[in-house]
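This report concerns only the one structure given below.
A, B, ... follow the sequence lines: proteins, then strands. Residue 1 opens every chain.
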Amino acid sequence: MSFLENISTELQNLIYIFASILFITGIKMLGKEDTAVKGNFLSALAMFIAVIVTFLGPEITVNPYIILAGIVVGALIGSLIALKVKMTSIPEMVALFNGFGGLATFFIAWSEFNSNADNTFQYVLIMITTYIGGVTFSGSIVAYGKLSEKLRIQKGSFITKLFTTVFYASLIYLLYAIFLTKTLSLPFDFYILLLALTLIGGIGFVLPIGGGDMPVVISLLNSFSGIAAAFAGLLLTNNVLIVAGSLVGASGLILTVIMAKAMNRSIGNILFVGYALSSTKSSSEETGEVKPINVSDAYLILENASSVLIIPGYGMAVAQAQHVVRELGELLEANGTEVKYGIHPVAGRMPGHMNVLLAEANVPYDVLVEPDDVNPMMDTVDVAVVIGANDVVNPSATEEPGSPIYGMPIIEVHNARTVFVLKRSMSSGFAGVQNPLFFKENTRMLFGDAKDSIGGLVSEFKE
Amino acid sequence: MSFLENISTELQNLIYIFASILFITGIKMLGKEDTAVKGNFLSALAMFIAVIVTFLGPEITVNPYIILAGIVVGALIGSLIALKVKMTSIPEMVALFNGFGGLATFFIAWSEFNSNADNTFQYVLIMITTYIGGVTFSGSIVAYGKLSEKLRIQKGSFITKLFTTVFYASLIYLLYAIFLTKTLSLPFDFYILLLALTLIGGIGFVLPIGGGDMPVVISLLNSFSGIAAAFAGLLLTNNVLIVAGSLVGASGLILTVIMAKAMNRSIGNILFVGYALSSTKSSSEETGEVKPINVSDAYLILENASSVLIIPGYGMAVAQAQHVVRELGELLEANGTEVKYGIHPVAGRMPGHMNVLLAEANVPYDVLVEPDDVNPMMDTVDVAVVIGANDVVNPSATEEPGSPIYGMPIIEVHNARTVFVLKRSMSSGFAGVQNPLFFKENTRMLFGDAKDSIGGLVSEFKE
Amino acid sequence: MIISALKSNNSGDQRSPIHKDTVKNLLDLGIEICFEESIGKGININDKTFEELGLKKYKREDCLKNSDLIITNQALHISELALMKKDSTVLGMVNPFSNKDFIIECSKKSVNLVSMEFIPRITRAQKMDVLSSQANLAGYVAVIEAAKHLSTALPMMMTAAGTLKPAKVFVIGVGVAGLQAIATAKRLGARVEAFDTRDVVEEQVKSLGAKFVKIDLGKTGETDQGYAKELTDEQINKQKELQAKVCQQSDIVITTAQLFGRPAPLLIDNRTIDKMKPGSVIFDMAVETGGNVEGSKVDQIIDRNGIKIIGISNLASQVSDHASLALSNNYNNWITDFFDKESQTINFDFQDEIINNSVLVYAGEIKNERFK
Amino acid sequence: MIISALKSNNSGDQRSPIHKDTVKNLLDLGIEICFEESIGKGININDKTFEELGLKKYKREDCLKNSDLIITNQALHISELALMKKDSTVLGMVNPFSNKDFIIECSKKSVNLVSMEFIPRITRAQKMDVLSSQANLAGYVAVIEAAKHLSTALPMMMTAAGTLKPAKVFVIGVGVAGLQAIATAKRLGARVEAFDTRDVVEEQVKSLGAKFVKIDLGKTGETDQGYAKELTDEQINKQKELQAKVCQQSDIVITTAQLFGRPAPLLIDNRTIDKMKPGSVIFDMAVETGGNVEGSKVDQIIDRNGIKIIGISNLASQVSDHASLALSNNYNNWITDFFDKESQTINFDFQDEIINNSVLVYAGEIKNERFK
Amino acid sequence: MEEYILLGFVLILSIYLGLELISKVPSTLHTPLMSGANAISGVALVGALVLGSEGQLQNILAFLAVTFASINVFGGYLVTNRMLKMFKKK
Amino acid sequence: MEEYILLGFVLILSIYLGLELISKVPSTLHTPLMSGANAISGVALVGALVLGSEGQLQNILAFLAVTFASINVFGGYLVTNRMLKMFKKK
Ligand SMILES: NC(=O)c1ccc[n+]([C@@H]2O[C@H](COP(=O)([O-])OP(=O)(O)OC[C@H]3O[C@@H](n4cnc5c(N)ncnc54)[C@H](OP(=O)(O)O)[C@@H]3O)[C@@H](O)[C@H]2O)c1
Ligand SMILES: NC(=O)c1ccc[n+]([C@@H]2O[C@H](COP(=O)([O-])OP(=O)(O)OC[C@H]3O[C@@H](n4cnc5c(N)ncnc54)[C@H](OP(=O)(O)O)[C@@H]3O)[C@@H](O)[C@H]2O)c1
Ligand SMILES: NC(=O)c1ccc[n+]([C@@H]2O[C@H](COP(=O)([O-])OP(=O)(O)OC[C@H]3O[C@@H](n4cnc5c(N)ncnc54)[C@H](O)[C@@H]3O)[C@@H](O)[C@H]2O)c1
Ligand SMILES: NC(=O)c1ccc[n+]([C@@H]2O[C@H](COP(=O)([O-])OP(=O)(O)OC[C@H]3O[C@@H](n4cnc5c(N)ncnc54)[C@H](O)[C@@H]3O)[C@@H](O)[C@H]2O)c1
């Protein structure tokens, strides 16, 4: 049954090719600052074309009104959410939408299972599509919950462990479903069980991962939903689904890797460490959690700061980052931010070490301030950027009488609204003591060589 | 008729997919210094697999012994040429091989014309494949002749013009063959005429192009032969032909563009200027034309340069660009480019002015060279980047006895392959005299404040 | 409590133990400060200025007699101790290793003695570390002096009258003074190389953009206070030999190698000096503790075949103003940390690491093992 | 042709008119070079070195007697001219404005005189410009000397012993010497300000990263040679007054204002000096041509209420090696440009702008209008 | 089967292309790109359109698939657009 | 026709991929890359193998096509390899 006059399959396929090209071009353009908006538009156009052509094609069997109704409902809900949502909660929205996309594929696979699971190849496809779609859905929903802080389940809690176990069970069951159910007959509806396990397993997949890693996970889930769509395309022998789906699958994967790198994490680390370490975590929990940040997020925060305090230390000297640091300072000022440099008397390894380097880089003297002058107004500082300094910003010098550095006046960056600490690892400074600053609520660690990190920020500003 | 036991079409196609992946991977690896050898090997492996699978496949109709004979003869000739040829004449060998590849497609198309030119689509494909194959062949042979200096026909000579005219005629005839011969019947064998015109036209395509531009032309012809192979693939509905051919076609095209840019030419310029301008060239030479360039083009050229000379002057001091200049130098070096700074004794406004600034920016002393040391090897410099210097690179100091600066030794950047001059306007320097350097053929003006321009280049490198 | 600041009894020492920019801290604690007349002469601060700040001017004798605490940049004459009140305190740079008599006399006269040289190298005591604060300035002065005596300019200049090559500066021993010397020479545009026996120094040298000369001497080390350990004879010889090559190509060699409480190692002997270019300058910063350079003499410029060997005592005194500022801050920080506001006295708490290290004599008893 | 290089007859001048790194150029032209014994003493080059390069050692007298061309860094004694061959040439820095007798005597004795001070400021002659090459080094030396005499360090240092403030340096007159002084002070980490009457200088000061002090004096200007025009009395007064404010806040003031061939303008008078901080240093680089500072004396350090006023003559001679290298290059460039290889003589072509300017006496005739 | 092979070809080429396209992306674009890619993955809508319709369950599944895919598509594109516009401003 | 469309798909995706793959190549590799690509274009050999064989002309054409394509393939790979080896040295 067809709604309007049919167009031929050939024509449909030709137009699919065209839409695919648009998708490719769109996603390529999305990757560049100045063409991104246009790229998004092109990809939306491609989607529009693909949908229209399909709708006019000969394969439609469902009542077109049902379809239209679905589209209208979906469009309304989607648009409303997209336009109403606060800018700050965009990441969780993406997670939500992504979950719905996964859910759609889940239903597609289900439907296909019901209608034509005859040949082995298709059967396998259906199992996989179901699984990926389902995991994407429930995983995304959990990610949404975590990001919007509606879901407050501890990483190490019992519930988490339970769900994680179901996740592994669901994986095993999937394998079983693929290889065995065709030959063995079962006393119950194995597929319904797969559906259920999948949905629950997805929860277990994301639950043990920390909130800070959610962006990476969302990107991964996004890649999954692309792969699911591609498999659905194979199932339905639909070109445009295959192309668009696998494009998203692949580019999402790359993006995931890039994002993880920017956060100085490996994907394996993100996905599995939470689970594996959940038992041993409790002790380190006390000192708090280290929250890494990547360059682009740091940039976004700096970009919106109205006062920034830069605290250079020995690490800046080692990285010979003084020139880029000055450049960053200048760019911030050009951006309307007030920039000061907090120079601790013993930063570096010789008296006046920072002065030598900053003078070399032409940082004017009048933006250099001493701890005594800056500490009282620290709470007006939006972002304190600690560049390779450690001991001189270590709060235990004031708080922990036992510490070897106790008694040294420090630059009290922990009182700033946000603190970025740029260093290469969690290792300690000259005095060899751990720094509680790194675990504070308002601290973000930007790992990497200081020159590279600052260089990254500078490029961001210049783009 | 099949030589050995047939393998199924399905299996053949699956293996074709595998070969295609190998081709793709191979060509990607060829584009990177450290994987290039392996890439070449992978692509050779892909070729081997594809040929074997085809040979064992069901579609072979020609007597296998003929095929084997052809392969053996070809392998012998090809290997002999490849191994015997002197390293210096490799470019012309590539031209020759490429021509033979084109010739092969030409024969394929011809053969297909004889056997099954029934449906319009195939018919059109055959015409185009014939044409591209033929032009590739004869064009490559001409390129070979020019490069090996066996062919000494002047760009502007009558013969050249004659052949060029035939080339345009052959293009028109191709269109005619595509659109009209199917419906009109002709008194003569139109296809034989196409074959002939194609071969002669190819000569006319390449003949008017200067010997220096041959590498770009060969790259273009290489792209053509790829396209021809891809069309042949469509003709024979052969996947691997399509994939490999269009890969080569597309990457060859990009490579052509990159090479043309690296030579600071546009493709249009290379292909058509020889023909068009052969008459009017003489007069504009005198004062010349100012050729501005933008940051991104300058970047592309710098990115591909293997030796860069930076010549700072008073403008760099005024712009206080020393820090970004150093950064650019470092990025270039990281990119494998050799970077030197040519310091003229009176650059700036005080003795040692450039030294003060470059030392401040931490440019090591050993990359600073004096004019006497750099002038003799100026022709090995790919790009001379003149940053706010003017008088000290003014050729009239050596060439124009009347000039107020006559007699001053200069840094002879005009002898470098390409010169970038970074300044804000066309205004003159300290001595107040016009600078003929700005109008030279190999000079590009990058207008703007030196700090901004260099900053722009630095960002490009960082992206 | 009454604190008196005394002038240096060494005429070459221009520094003052108090500075107009720093006295306020002590006055705020309720301490009365007296000073020996014309104490600020070397730093261009006249007595009136100090008086206007609320300090009292006295003769040296009167200062000694009336004070609870004496601050000084040099050890006092032994005879002067007799004038002092019992259980009063002398605080300052008293050069304990060459003034053992003085220490004994203090214990006899029951005058407490705080040697600021013995401030331990712990983080919290950095603000009192006089050795660092003076060595730092000394490193700067050494380069300015060496530059003055060199017959070429330090930076490179490519000019119409030819290219003037940059001077090569080689710094041996990269403690506080060495680092500042590196920084200053780098600033002036010299090519700087440096060497030290302690491995950690390599990174520090690079952090100033200079080059570290690698000389493998086998196992070397540092004490828990960050001072270098003494080398074996074999190691010293190897070092000398390999250093000679670098010296040969250098225009300025600055040596700063010291060993806390022991004579400085001899690192540059005449064999090396004779290989150097005429016109070069060797600056021996360790000259006061025996010298790193053969033939170097305190406060003399020796010319050996056109090579100038400079030894200047009390380098920091050349920038007397900054040196005094730093010193007075160091002293103030010590006093402030151990001043008991209630009782208006110093709280000699030998549990405290700083007190335990820096107080050599207390209540008639020599506290430091080394001087017992 | 025989060229002889003479020692300076002024004992304070350590520079040599020849340098081991530069003689090769002349030798390659086939010129014979003689030198007065121990000519290289001030730059640590001994006679043997020169002899090994192919030069001949003579007594001063013999040099004078046998040479076609004499190169020297100072005017000769008038009596010495009598020894010279007729039509031989004296080339060098002869300080013509204070040696008018010498010029007249040259014309009488028919000795040609080339004053390198009169090299015109055209592009092609930059390589012979002795005033620039020496002023450049003088600018560097002035800062090193001033730094040495200042009682604080120039750079800022934020240390555990307090923050040492950077010195403020004020450079008045930004010609070649002033620019190099700015560059050197900036290198050392001082805060640098500068002033000059010529407008173009503002951009140049900024091109070194220093601050230009704006003082509006109405119309000022420069000659076609790039020298500053003399100011009116009114302008000078205005300048003094506004400058005083900057001086007051400065630790080092370096004055370089000169007017070619006329006494230097007095820019800092006692009223200004008395407002300055004790301990400050004023370096008068124009002291030899009359001085920019009231009370400055050649080769003396005047202490006026704790402010040191330093006047040192022949500053470049302090870095004698580089100064000699530059000078000898300047001389060589002149000789090479006008040496006729065929006839092995100097080609005195008065069509040429450089010859026309720099040759004061030729063939017994005074050529320069100023000295006729 | 022949068709499946060609489709597999298309799949593999697309994956390759996806990997190549996103090799160098400025980090500011990570989130918008992710969001844009997410919108594209809503192409499942096309699949949802052609589902079978025998039986009530099938119809319900089709409706749900279409609805959720539509949310993904519309929401995704709009959010991406908003995000990109925000970047534009500076 | 369906097959042609899929083949066209493959063609277009491959072209896109080709364009993306070679976006940043160091200039030293321009010639080897060109030569390597040239060798790949000898894939026409695969086409030559499956040509028709009715008549003498066809057989001759097939033989010629195979021969020339083989020259391209063998010569191309070998030359590329030599060239790359040369680069390796430095
Ligand atoms: N100023 C003086 O006169 C003087 C003299 C002697 C001792 N000290 C002592 O030195 C210390 C100075 O404190 P500080 O905060 O300046 O330094 P710090 O406490 O030594 O810490 C330096 C930090 O920089 C990081 N770092 C090193 N290289 C880096 C690179 N390339 N990029 C980014 N980060 C890098 C290190 O962490 P990662 O390894 O994780 O990157 C390290 O934690 C004080 O303890 C002081 O007492 C000072
Ligand atoms: N070194 C010495 O001792 C000394 C002393 C006195 C005189 N001189 C003379 O100074 C000259 C030095 O030659 P030079 O080549 O260094 O300089 P120059 O010939 O004076 O040329 C400087 C160029 O820099 C450009 N410029 C100025 N500001 C700029 C900015 N912010 N960004 C980009 N470009 C900028 C100017 O062109 P736009 O305005 O178009 O940007 C100008 O053409 C010689 O003639 C020399 O004789 C030298
Ligand atoms: N509280 C603190 O954390 C603190 C305070 C001040 C100094 N320090 C550290 O203490 C260390 C020593 O500083 P210092 O300036 O007092 O040292 P110093 O004056 O005792 O010696 C100067 C340098 O000479 C070196 N030296 C010794 N023998 C040598 C030899 N044979 N050859 C070459 N070099 C030799 C030493 O290693 C030292 O670096 C430095 O690393 C400094 O950073 C730490
Ligand atoms: N061939 C050439 O192109 C060339 C060669 C050398 C110098 N120059 C130029 O010539 C100019 C003069 O150089 P110089 O070093 O010989 O100058 P100088 O030694 O004659 O004077 C030093 C400076 O003092 C300044 N001055 C004079 N009166 C002053 C006053 N009342 N207040 C403040 N400043 C005053 C002058 O303007 C000058 O800048 C410079 O701009 C230099 O760049 C050009």
Under 4.5 Å from any heavy atom of chain A, what part of [X] do you find: side chain, backbone, both or neither?
X	value
E:Val43	both
E:Ala39	backbone
E:Leu45	side chain
E:Ile12	neither

Tightest non-hydrogen contact, residues A:Thr61 and E:Leu51, listed as OG1-O, 2.8 Å
All heavy atoms of A:Ala228 vs all of A:Gly133, minimum pair found to be CB-N, 4.2 Å
Pairs under 3.5 angstrom only: tabulate donor-acceptor contacts from the side chains of residues 242-249 of chain A to other protein residues two or more places apart or in another chain.
| from | atom 1 | to | atom 2 | distance (Å) |
| --- | --- | --- | --- | --- |
| A:Ser246 | OG | A:Ile242 | O | 2.5 |
| A:Ser246 | OG | A:Val243 | O | 3.4 |

Find the one option among [options] whose heavy-atom pairs under 4.5 Å with chain E are most numerous.
options	result
A:Ser219, A:Ala232, A:Gly102, A:Gly252	A:Ser219
A:Leu96, A:Val73, A:Leu103, A:Ile71	A:Ile71
A:Val72, A:Ile81, A:Val51, A:Leu80	A:Val51
A:Ala75, A:Ala19, A:Ala36, A:Ser79	A:Ala75
A:Leu241, A:Val240, A:Ile24, A:Thr256	A:Leu241
A:Leu253, A:Asn222, A:Asn335	A:Asn222

Side chain A:Thr105, main chain A:Gly101, donor-acceptor under 3.5 Å: yes
Contact winner vs chain A - [options], heavy-atom pairs under 4.5 Å:
options	result
E:Ala69, E:Gly47, E:Gly76	E:Gly47
E:Val50, E:Leu78, E:Ile40, E:Val66	E:Ile40
E:Ala65, E:Ser35, E:Ala48, E:Gly42	E:Ala65

Straight-line distance of [X] [atom1] to [Y] [atom2], nearest 0.5 Å:
X	Y	atom1	atom2	value
A:Asn114	E:Leu61	CG	CG	6.5 Å
E:Gln56	E:Ile60	CD	CD1	5.0 Å
A:Leu331	A:Glu303	CG	CD	11.0 Å
A:Ile17	A:Gln12	CD1	CD	12.0 Å

Pick one of side chain, backbone, both or neither for [X], based on which atoms fall under 4.5 Å of a heavy atom in chain E.
X	result
A:Lys84	backbone
A:Leu83	both
A:Ala229	side chain
A:Ala46	neither
A:Ile218	both

- Message: Students often mix this up, so state it plainly: with edges at 30° and 60°, are the rings of A:Tyr299 and A:Phe461 parallel, tilted or perpendicular?
- Response: perpendicular
- request: Please report the C-alpha distance between E:Tyr77 and A:Ser43 in whole Å, then the side-chain angles of each, then the deciding distance to 0.1 Å, and finally whether the side-chain hydrogen bond (donor to acceptor under 3.5 Å, both in side chains) criterion is met.
  value: CA-CA 9 Å; E:Tyr77 281 114; A:Ser43 111; 2.7 Å; yes
- Query: Strictly by modelled atom types, are A:Thr54 and A:Tyr16 linked by a side-chain donor-acceptor pair under 3.5 Å?
  - Reply: yes
